[in-house]
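Here the structure is laid out as structure tokens; the discussion comes afterwards.
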Number of protein chains: 2
Amino acid sequence: MPEERSELRKAGLKVTHPRLQILKLLEETPQKHMTADEIYRSLMSGGEEIGLATVYRVLNQFESAGLVRKHLFTDAGGTSTQACYELDEGGHHDHMVCEDTGKVIEFYDEQIEKRQEEIAREHGYEIVNHSLVMYVRPIKKA
Amino acid sequence: MPEERSELRKAGLKVTHPRLQILKLLEETPQKHMTADEIYRSLMSGGEEIGLATVYRVLNQFESAGLVRKHLFTDAGGTSTQACYELDEGGHHDHMVCEDTGKVIEFYDEQIEKRQEEIAREHGYEIVNHSLVMYVRPIKKA
DNA sequence: CTAGTTGCAAAAGATTTGCAGACGT
DNA sequence: ACGTCTGCAAATCTTTTGCAACTAG
């Protein structure tokens with residue numbers, strides 16, 4: 001599967017083992033959002049040779065290259081100081097984080113997007129970027 | 001103005017000099033959003049005796065008490081790792097950060113709020129909290 | 001061959017914590 | 001007086017950087 005190789009080349013990055021590993025991991029992980037440390041541990045326990053510093057460096061390069069997006073969620077207790085990364089598949093979307101399970105759900109809403117543009121415009125600005133995260137909890141029937 | 005004193009008491013906190021100073025500063029600052037370090041520096045240069053650790057401790061207590069809100073904005077370059085705090089005046093609002101000037105603008109939009117609730121509900125969740133930040137730039141006229 | 005990469009260890013930056021002394025009530 | 005605070009310094013934690021060895025093209 002040389003697909004990842006060309007993604008890297010296109011980004012102007014040499015095709016190295018660590019980069020391929022990280023890219024592959026991000027593509028295959030079911031949770032889709034991982035911290036640098038989770039990536040590091042995951043690769044290590046998979047028997048790979050890699051340094052944590054390399055993981056950070058590669059993620060930054062990937063982010064600059066637009067291969068990956070970085071998020072700063074605040075976990076349940078408000079005690080997260082750790083960034084997490086997800087593959088950038090192109091389509092923008094926002095996030096919902098379940099406070100009970102930590103599960104991250106993606107969503108996209110045309111209405112909200114539009115309204116945001118309008119609000120910015122009303123203030124004389126244009127949106128460069130935006131981040132919407134909803135911290136939620138399952139509705140308990142009762 | 002004993003107003004601040006009772007706010008502290010109500011929060012179950014002793015009325016001490018550092019706490020009063022920080023509360024007052026947050027009430028009076030025009031920018032409304034300050035980092036722990038900015039607060040520390042501001043008080044120090046105002047001739048106050050205070051430790052940075054105390055600023056952090058007090059802000060955390062204020063946050064738990066609901067007197068203050070903590071935000072993790074990402075400044076222009078994406079290079080912010082510093083939290084900033086604002087007085088919690090009760091009314092919820094979202095933020096727009098100007099990438100050129102760093103200015104923080106607050107706004108509230110009923111439509112977006114409603115839509116968020118709906119989306120969460122559609123997924124079987126209820127919103128505990130949410131954070132919407134738009135990183136914007138002044139519209140440049142041709 | 002040569003510039004880009006890597007791993008390690010050390011550095012940095014933000015925030016937290018242990019502790020002895022000081023202070024509010 | 002008592003338990004709560006405070007300031008300082010040291011500790012933590014995440015992320016970055018210096019450097020010498022290594023590797024892709």
Side-chain angles (χ1 to χ4, degrees), chain A residues 2 4-23 25 33-41 43-44 47-65 67-75 77-85, chain B residues 2 4-23 25 33-41 43-44 47-65 67-75 77-85:
Chain A
E4 290 124 8
R5 302 185 112 77
S6 47
E7 285 188 75
L8 290 176
R9 291 224 177 72
K10 217 183 316 173
L13 298 169
K14 282 188 180 176
V15 177
T16 65
H17 197 65
R19 302 219 253 241
L20 281 173
Q21 291 304 317
I22 293 175
L23 196 50
L25 178 55
H33 298 76
M34 300 184 79
T35 65
D37 200 62
E38 283 169 350
I39 292 172
Y40 172 67
R41 284 174 147 67
L43 292 178
M44 285 299 261
E48 297 297 326
E49 279 274 309
I50 197 168
L52 178 54
T54 301
V55 174
Y56 276 106
R57 263 182 306 225
V58 169
L59 286 171
N60 283 339
Q61 294 159 344
F62 282 8
E63 194 195 3
S64 306
L67 289 176
V68 138
R69 270 183 216 171
K70 182 181 186 176
H71 299 288
L72 289 168
F73 297 148
T74 288
D75 64 26
T79 316
S80 170
T81 175
Q82 221 158 325
C84 76
Y85 300 82
Chain B
E4 290 124 7
R5 303 185 112 77
S6 47
E7 285 189 75
L8 290 177
R9 291 225 177 72
K10 217 183 318 173
L13 299 170
K14 283 190 178 175
V15 178
T16 65
H17 197 66
R19 303 219 253 239
L20 280 173
Q21 291 303 318
I22 294 176
L23 196 50
L25 178 56
H33 298 76
M34 301 184 79
T35 64
D37 200 62
E38 284 169 350
I39 292 172
Y40 172 65
R41 284 175 147 68
L43 292 179
M44 285 298 261
E48 297 298 327
E49 280 273 307
I50 197 169
L52 178 55
T54 301
V55 174
Y56 276 107
R57 263 182 306 224
V58 169
L59 286 171
N60 282 340
Q61 294 159 345
F62 282 7
E63 194 195 2
S64 305
L67 289 177
V68 137
R69 270 184 216 171
K70 181 182 187 177
H71 300 288
L72 288 169
F73 297 148
T74 288
D75 65 26
T79 317
S80 170
T81 175
Q82 220 156 326
C84 74
Y85 300 82

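Predicted model, so just to flag it, every value in this text is computed and none were measured. Within every chain, numbering begins at 1; the chains are lettered A, B, ... in the order of the sequence lines, protein sequences first and strands thereafter.
- Regarding B:Met44, its CE atom lies at a distance of 15 Å from the P atom of D:dT6, rounded to whole Å.
- Between the P atom of C:dA14 and the OH atom of B:Tyr40 lies a distance of 13 Å, rounded to the nearest Å.
- Side-chain atoms of B:Thr54 and B:Arg57, non-hydrogen and from C-beta on, do get closer than 4.5 Å to each other.
- Counting to the nearest Å, the P atom of D:dT6 and the CG atom of B:Leu43 are 12 Å from each other.
- For the pair B:Glu48 CD and D:dG7 C1', the interatomic distance rounds to 15 Å; values are reported in whole Å.
- To the nearest angstrom, P of D:dT15 lies 11 Å from CD1 of A:Ile39.
- Note on the helix from C:dC1-D:dG25 to C:dT25-D:dA1: angle between the axes of the first and last five pairs equals 40°, rounded to 10 degrees.
- Every residue two or more places apart in sequence or in another chain that forms a salt bridge (charged side-chain N to carboxylate O under 4.0 Å, His left out) with A:Arg69 is listed here: A:Asp88.
- Put simply, the side chain of A:Leu59 reaches to within 4.5 Å of the side chain of A:Ile39, judged on heavy atoms.
- As rounded to whole Å, 11 Å separates atom C1' of D:dT23 from atom CZ of A:Arg19.
- For the pair B:Thr74/A:Lys70, no side-chain contact is recorded, criterion being any heavy-atom separation below 4.5 Å from C-beta on.
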**Report entry** Sequence-aligned protein contact record of nucleotides 15-25 of chain C, with B where the base is within under 4.0 Å of a protein heavy atom and S where only the sugar-phosphate is
**Finding:** BBBB-----BS

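- Taking 4.5 Å as the limit, every side-chain heavy atom of B:Ile22 sits out of range of all side-chain heavy atoms of B:Tyr40.
- Evaluation of the side chain to side chain contact (heavy atoms under 4.5 Å, CB included) rule for B:Glu48 yields B:His17, B:Gln21, B:Leu43 as partners, not counting sequence neighbours.
- Atom pair B:Glu38:CD and C:dG13:P shows a separation of 17 Å (rounding to whole Å applied).
- Between the CD atom of A:Glu49 and the P atom of C:dG7 there is a distance of 8 Å, given to the nearest Å.
- Shown here for B:Ala36 and B:Val55, the closest heavy-atom pair between the two residues is O-CG1, 3.6 Å.
- Applying the side chain to side chain contact (heavy atoms under 4.5 Å, CB included) test to A:Thr16 and every residue at least two apart in sequence or in another chain returns A:Lys14, A:Pro18, A:Arg19.
- Listed by chain and number, the residues in a salt bridge (charged side-chain N to carboxylate O under 4.0 Å, His left out) with B:Arg9 amount to none (sequence neighbours excluded).
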